[in-house]
Amino acid sequence: MKQLSTEHEYDVQAIQDKWLPIWDELKPFDSNKPGDTRPKKYVLDMFPYPSGDLHMGHAEAYALGDVIARYWAQKGFNVMHPIGWDSFGLPAENAAIKRGLDPKGWTYDNIEQQRSSMRRYACSFDWDRVLVTSDPIYYRWNQWLFLEFYKRGLAYRKNSPVNWCPSCQTVLANEQVVQGLCERCDSAVTKKSLTQWYFKVTDYADRLLDDLDGLEGNWPNKVLSMQRNWIGRSYGAEVSFEVEGRDEPITVYTTRPDTLFGATFMVVAVDSALASELVETADSTIRAEFDSYLEKTKKSNDIERLATDREKTGVFIGRYAINPVNGEKLPIWASDYVLADYGTGAIMAVPAHDERDAEFAVKFSLPVIPVVADPEDENGDGPRINSGSFDGLLREEAGDKIVEFLAAKQAGKKAKNFRLRDWLISRQRYWGTPIPIIHCDTCGEVPVPADQLPVELPSAEGLDLKPKGTSPLGAATDWVNVACPSCGAPAKRDTDTMDTFVDSSWYFLRYLSPKSETEAFPIQAAKDWAPVDQYVGGVTHAILHLLYARFFTKVLNDIGMIDFNEPFTRLLNQGMVQMNGSAMSKSRGNLVRLSDQLGDHGVDAVRLTMAFAGPPEEDIDWADVSPAGSAKFLARAWRAAKDVTCAPGVDFSKGNTELRKATHTFLRDFSPLIENFKFNVAVAKVMELVNALRKALDGNIGGADPSAREAAEAVAIGLSLFAPYTSEDMWAVLGHQPGVALAGLPEADETLLVENSITAIVQVDGKLRDKFEVPIDITAEQLRERAFASENVTRAIGDSEIANVIVREPKLVNIATK
RNA sequence: GCCGGAAUGGCGGAACGGCAGACGCGGAGCACUCAAAAUGCUUUGUUCGAAAGGACGUGUGGGUUCAAAUCCCACUUUCGGCACCA
């Protein structure tokens, strides 16, 4: 700290040391005070993963979340602004493996470090509501909810090909595969056939999509469109094709039933059960070819599969399907360009009107039959051809009529499809919530009875946590072997743990009673507080976490535990903090340490810099902003308070009108700026008021004038959103008891804001030529006269002929010349 | 390829269709000082001009309007997201 520690100087370190213990005592942000009648407001920051100390990204997120929380507190709300830790998950486990420690120790040490950093960072958290997801008291309710889902058929087990990360040695949800790579370690993801637990998100696909409309305007458009995209609903038809030598027809999904007459072959996903079944009766040559193709496909990963310039591959499997509209025999092929887990895993191929089918047809010399007259017609909107009695119909009508025709002979119907898949929640790792199911040879899957929850994780001691493809919990024999709750026979616990996204899907409700041993959350408190009024966090969770939390909310609503359908009413996505144009990282050598910044500039200066740098949703490049400048401003504001000499409680109405006007203009502008997330502009307004106050103090108004106190107090209250230490100290300097955070934002006095004159501008052909003060009630005629009386204006008009004069009294005259 | 953002001084960024560049960073100058730091004040889009005062100016090209950073169309660049989803 550069400042000398004298009582006349702004000493950041001394101020920080002074106020922390006092706040600990006063608990200004306790949201659970008995008899509190203030209206409730729930402001939530996404909780951190305890992977070390807080970094610059946390500092931004929590600074911005705190602006909002503190704003509502100043507005007289009882604000619940809780914090906790999302503390299960792979990093803890990997760190533990690397260092040979228990993941628990690593996790809880980090939590303590982050907790103390957050306290110093002076977030307005309610420390009585802390939750930690790896505590049994938390995850027991994960298990309870899992069983509620299970009861309703929303949690189920199935065998299917899953995303497998060969490096993490665990399965991944679809959402955790990014560009074919493991989200966590960037290894190429492969497919593996496993029996795994799923949540039936797809049952909620329509609601998850449709309810996004209600969030319009309150959630960033970007997030809404990402969610819509992810759910990916499409409308089309299911069409059944009879297959020679098979009792059951094959059903395909298509968005283009209008092109059915153009189908010339059928393709099934090579890795689907259907393909394997169809090929069984084929001759040995075909079978061998198929097997080797299937083998090759399984070995390849998504990266190879998805390469866009890759040639189509496939094998003919020796069977034929019958096109239900015209009886044509269509050869059935197997290929990897058809996905096993979308639609029905089989498609009708229309090479004339589908690029991928076209490539395949060219590669394997399959016939192409156009069904739209105009080959230039990319949408295929024009009249049908080669389509029997449907010839001449346009796209939409043709589609409808063909589906009608199919429906009449039980060979098709309208259908919709989703890109969204069910959520795979089992993980073959140690550090997570154990799945509360017992497997019994006679009874099958048996839920752990509610009174035996939580199923606590066994100690990691003696367990090999290294990834090996099966859960480390399998080796905890004392833990695994239990009596079947149903028949009492020897049985085994499920050894998988839950995806940590389960933990974060409902944590916002757990804050209502984080210590309850009798319920996940209290139903009445959920009515009072939830849903979250304002959620703040990074856009990295735009799909995963938000989608899952929305899903849980809808299920809980169906169960009758909550009375709302969407968890987060309003969402703010803050940008990232970068350094020299790229994300900070040790390997890039551009890591800025938060602790260094706090040490060099102080907590308030760092927080203020985060708010002032630009719009909150934009990224901040730390190289472009000036925490030193913020510190300078804070000192300037503090000194201004020091120079106020009139006593607290003085009658402001006797103060200087000009400065009062500045103060009340600020008070008028400030709130809407905060509510619209224009924190940077709000900070600028505080700076303007400080500048006006400084001028008044140094000029002939002076520190004894009541208006100086009024301005200084407004500055302190405004700054309390951004700079808790400085503002609290200013408040004390101004002679008040501690508690600027709850002092309340004064209402702007409208009578002070009434102007009786205004600066009018005169344009000639749209260009500014003159401006002057005019009375607010000037008439159009008077204003017009004043304009033409201006020398600048007449010179600008010169010899030109006047075409038109626009008068917008009292502000503007625009003279258009010919 | 498809779907969204974004583009304003040396820099971060402001601007209900009506004074472009608020506020800050950086720069220059002045005051205080033996000096420096700190602080305060002045100034700072480019350009012509001694000045008065002009010209130009919000990625590019068009359009709507008395008036466009703002609305419309096309384009360029750039950043995200999705991507063999039938």
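A, B, ... follow the sequence lines: proteins, then strands. Residue 1 opens every chain.
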Sub-4.0 Å heavy-atom contacts from residues 673-682 of chain A onto RNA chain B, ordered by number
A:K678, A:N680, A:V681
What donor-acceptor contacts under 3.5 angstrom involve side-chain atoms of residues 339-348 of chain A, with partners at least two apart or in another chain?
from, atom 1, to, atom 2, distance (Å)
A:D341, OD1, A:R421, NH1, 2.9
A:D341, OD2, A:R421, NH1, 2.9
A:Y342, OH, A:S234, OG, 3.4
A:T344, OG1, A:T251, O, 2.6
A:T344, OG1, A:A346, O, 3.4

A:D213: partners by side chain to side chain donor-acceptor pair (under 3.5 Å), with sequence neighbours left out:
A:R228
Please encode protein proximity along nucleotides 36-53 of chain B as a string of B, S and -, counting only heavy-atom distances under 4.0 Å.
---SSS-----------S
Salt bridge (charged side-chain N to carboxylate O under 4.0 Å, His left out) partners for A:K811, two or more places apart
none
Tabulate protein N/O versus nucleotide N/O from nucleotides 18-20 of chain B, keeping only pairs under 3.5 Å, one per line.
from, atom 1, to, atom 2, distance (Å)
B:G18, O6, A:R808, NE, 3.3
B:G18, N2, A:Q763, OE1, 3.2
B:G18, N2, A:N814, ND2, 3.1
B:C19, O2, A:K771, NZ, 2.3

A:D799: salt bridge (charged side-chain N to carboxylate O under 4.0 Å, His left out) partners, not counting sequence neighbours
none
With sequence neighbours left out, write down each residue that passes side chain to side chain donor-acceptor pair (under 3.5 Å) with A:N229, or none if nothing qualifies.
none
Counting only non-hydrogen atoms, which of residues 617-626 of chain A are less than 4.0 Å from RNA chain B?
A:D624, A:S626
Under 3.5 Å, which donor-acceptor pairs link side chains of residues 669-689 of chain A to any protein atom two or more places apart or in another chain?
from, atom 1, to, atom 2, distance (Å)
A:S671, OG, A:Y71, OH, 3.4
A:S671, OG, A:K75, NZ, 3.0
A:E675, OE2, A:Y71, OH, 2.5
A:N676, ND2, A:P672, O, 2.9

Which residues satisfy the salt bridge (charged side-chain N to carboxylate O under 4.0 Å, His left out) test with A:D354, sequence neighbours excluded?
A:R356
Applying salt bridge (charged side-chain N to carboxylate O under 4.0 Å, His left out), can you list everything that pairs with A:D619, at least two apart in sequence or on another chain?
none
